[in-house]
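A short write-up of the structure that comes next.
As a basis for the values below, the full set of heavy atoms in this structure was taken, side chains included, without hydrogen atoms, waters or symmetry mates.
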Amino acid sequence: LVSSSELIEGMQNMYLKSGDKTEHWVMDKNASASIEHEVSVKKIAEALYSLSITASIINNSNGPDLVAYHDGKKIAIEYETGRKKFSDTARMIAARKKDYDAVVIVVNDAAYRFYKNYFEDDSVCVISSSSTLLDSLRNAIKSAATVKCEDSDGTTNMSAVKPDRKHFI
């Protein structure tokens with residue numbers, strides 16, 4: 001058994017509050033992957049699964065974070081923290097637009113306005129991770145053919161509170 005102080009050293013921690021539940025996530029420190037990104041991609045995959053939308057997490061640097069399939073459409077889904085250079089992000093989104101029917105970008109609150117203003121268009125929908133993720137993803141995926149983005153109000157927030165569940169990545 002590892003004590004919590006030993007666990008923290010060399011690890012990244014994140015608390016995720018969703019409704020009345022709080023989850024504590026722990027991951028090895030990794031210069032190329034943040035815990036926010038890794039946890040968010042997993043939560044998006046869970047949300048898509050709960051909506052009965054077929055999706056796969058793609059674990060390589062050349063593809064989107066997830067690929068979803070709905071009504072014959074292939075949809076790239078990206079979680080962005082806003083830490084990437086603008087030029088890298090613009091290239092990535094342009095590549096996704098070429099290879100997929102639609103692109104859904106889920107971003108944290110800090111990056112939301114920037115991504116919405118610069119990248120949302122006829123084939124790119126930007127949604128906030130602090131909106132009700134299920135409703136926002138449902139709206140974004142179902143409207144992939146027309147890519148009419150609808151935000152949804154709600155509470156899926158990250159905050160430092162006592163966790164109900166602990167996860168290790």
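- A salt bridge between R83 and E36 is present, with a side-chain N of the basic residue lying under 4.0 Å from a carboxylate O of the acidic one.
- Going from atom CG of N108 over to atom OH of Y115 covers 8.5 Å, rounded to the nearest 0.5 Å.
- Listed for the D101 side chain is no donor-acceptor partner under 3.5 Å among the backbone atoms of K73.
- Under the 4.5 Å side-chain heavy-atom criterion for grouping Ile, Leu, Val, Met, Phe, Trp and Tyr, I57 is connected to V104 within one hydrophobic cluster.
- A salt bridge links K84 with E80: at least one charged nitrogen is closer than 4.0 Å to a carboxylate oxygen.
- Atom CD1 of I77 is separated from atom SG of C125 by 10.5 Å, given to the nearest 0.5 angstrom.
- Distance check: S40 OG to D65 CG gives 9.5 Å after rounding to the nearest 0.5 Å.
- Of the possible donor and acceptor atoms, one in the side chain of N117 sits under 3.5 Å from a partner among the backbone N and O of R113.
- Taking CD1 of I127 as the start and OH of Y79 as the end, the distance is 11.0 Å to the nearest 0.5 Å.
- For the residue pair A76 and P64, the shortest heavy atom distance occurs at CB-CB, 3.8 Å.
- Grouping the Ile, Leu, Val, Met, Phe, Trp and Tyr side chains by contacts below 4.5 angstrom, directly or via other members, places L51 with V41.
- Here the straight-line distance linking atom OH of Y100 with atom NZ of K74 works out to 5.0 Å at 0.5 Å rounding.
- Side-chain atoms of D109 and S128 include a donor-acceptor pair closer than 3.5 Å.
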Worked check of side chain to side chain contact (heavy atoms under 4.5 Å, CB included) between T89 and Y118
CA-CA 10 Å; T89 301; Y118 283 96; over 6 Å; no
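- Proximity of a side-chain donor or acceptor of R96 to a complementary backbone N or O of G63 within less than 3.5 Å is detected.
- Ring pair F119/F86: centre-to-centre distance below 6.0 Å.
- Note on V124: it clusters hydrophobically with F114, by side-chain heavy-atom contacts below 4.5 Å among ILVMFWY residues.
- Interatomic distance, CE of M92 versus NZ of K97, reported as 11.5 Å (0.5 Å rounding).
- With hydrogens and angles ignored, the 3.5 Å screen pairs no side-chain donor or acceptor of E78 with any backbone N or O of I105.
- Cluster membership check: I44 does not share its hydrophobic cluster with Y49, using side-chain heavy-atom separations under 4.5 Å among Ile, Leu, Val, Met, Phe, Trp and Tyr.
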